[in-house]
Structures are given as C-alpha cells and as structure tokens.
A.B. asks: 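Please read through the structure below; I'll follow up with questions.
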Amino acid sequence: MNDRDEPTQQDAALRLETLKMEHRDLDAAIEALRVSVAADQLQLARLKKRKLRLRDEIALLEDMAVPDIIA
C-alpha cells in the first residue's frame, strides 16, 4: 500500500464532518416523524438505528484523530 492509498488527515476530517451533518439531519427527520400523526414506527426504528451507527463511526474517527497519551 502506498501513501496515495492511505486516507489523509484531511480526508478523515471531511468524512467526520459529513457524518456529523448526516447525524444532525437524521435527528431532524426522527423528530419530524415522531410528531407526525401517522408515525411509521418501523421507519422511526430504522432511522434511530442508522443514527446510532453514525454516532459510533463518528466516535471512532474522533478517537483516531486524537493520539493516545501515555500517562
């Protein structure tokens, strides 16, 4: 694998920002669906599950961005 195949710090930052934006959008979609009269519970559950996966991926990327500190 050469340097071009490895994700750069800029790529990771861009991916992180994209995930955070999608997470916020899902939050808004979940709230809109929750307050609707004919809320589709299955769709609501799917959106919540997707939001949790995004949160996990965001946390992973943020952890990778911060170097480990040996105390």
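Sequence positions, counted from 1, serve as the residue numbers for this chain.
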A.B. asks: How far apart are the C-alpha atoms of Leu14 and Gln10, what are their side-chain angles, what is the distance that settles it, and do they pass the side-chain contact (heavy atoms from CB on, under 4.5 Å) test?
C.D. replies: CA-CA 6 Å; Leu14 181 60; Gln10 186 177 8; 5.7 Å; no

A.B. asks: Under the rule for side chain to side chain contact (heavy atoms under 4.5 Å, CB included), what residues qualify as partners of Leu61, not counting sequence neighbours?
C.D. replies: Arg15, Leu16, Leu19

A.B. asks: Output the distance between atom NZ (Lys51) and atom CD1 (Ile58), rounded to the nearest 0.5 Å.
C.D. replies: 10.0 Å

A.B. asks: Once you round to the nearest 0.5 Å, how far does CG of Leu47 lie from CG of Asp25?
C.D. replies: 11.5 Å

A.B. asks: Not counting sequence neighbours, list each pair that qualifies as a salt bridge (Lys or Arg N to Asp or Glu O under 4.0 Å) and has a residue in residues 30-48.
C.D. replies: Glu31-Arg34

A.B. asks: Identify whether the distance between the nearest side-chain nitrogen and carboxylate oxygen of Glu22 and Arg50 falls below 4.0 Å.
C.D. replies: yes

A.B. asks: Run Arg55 and Leu52 through side-chain contact (heavy atoms from CB on, under 4.5 Å) and show every step you take.
C.D. replies: CA-CA 5 Å; Arg55 185 193 66 193; Leu52 288 172; 3.6 Å; yes

A.B. asks: Once rounded to the nearest 0.5 Å, what's the spacing between atom CD1 of Ile30 and atom CG of Asp27?
C.D. replies: 6.0 Å

A.B. asks: Do NZ/NE/NH1/NH2 and the carboxylate oxygens of Glu57 and Lys20 come within less than 4.0 Å?
C.D. replies: no

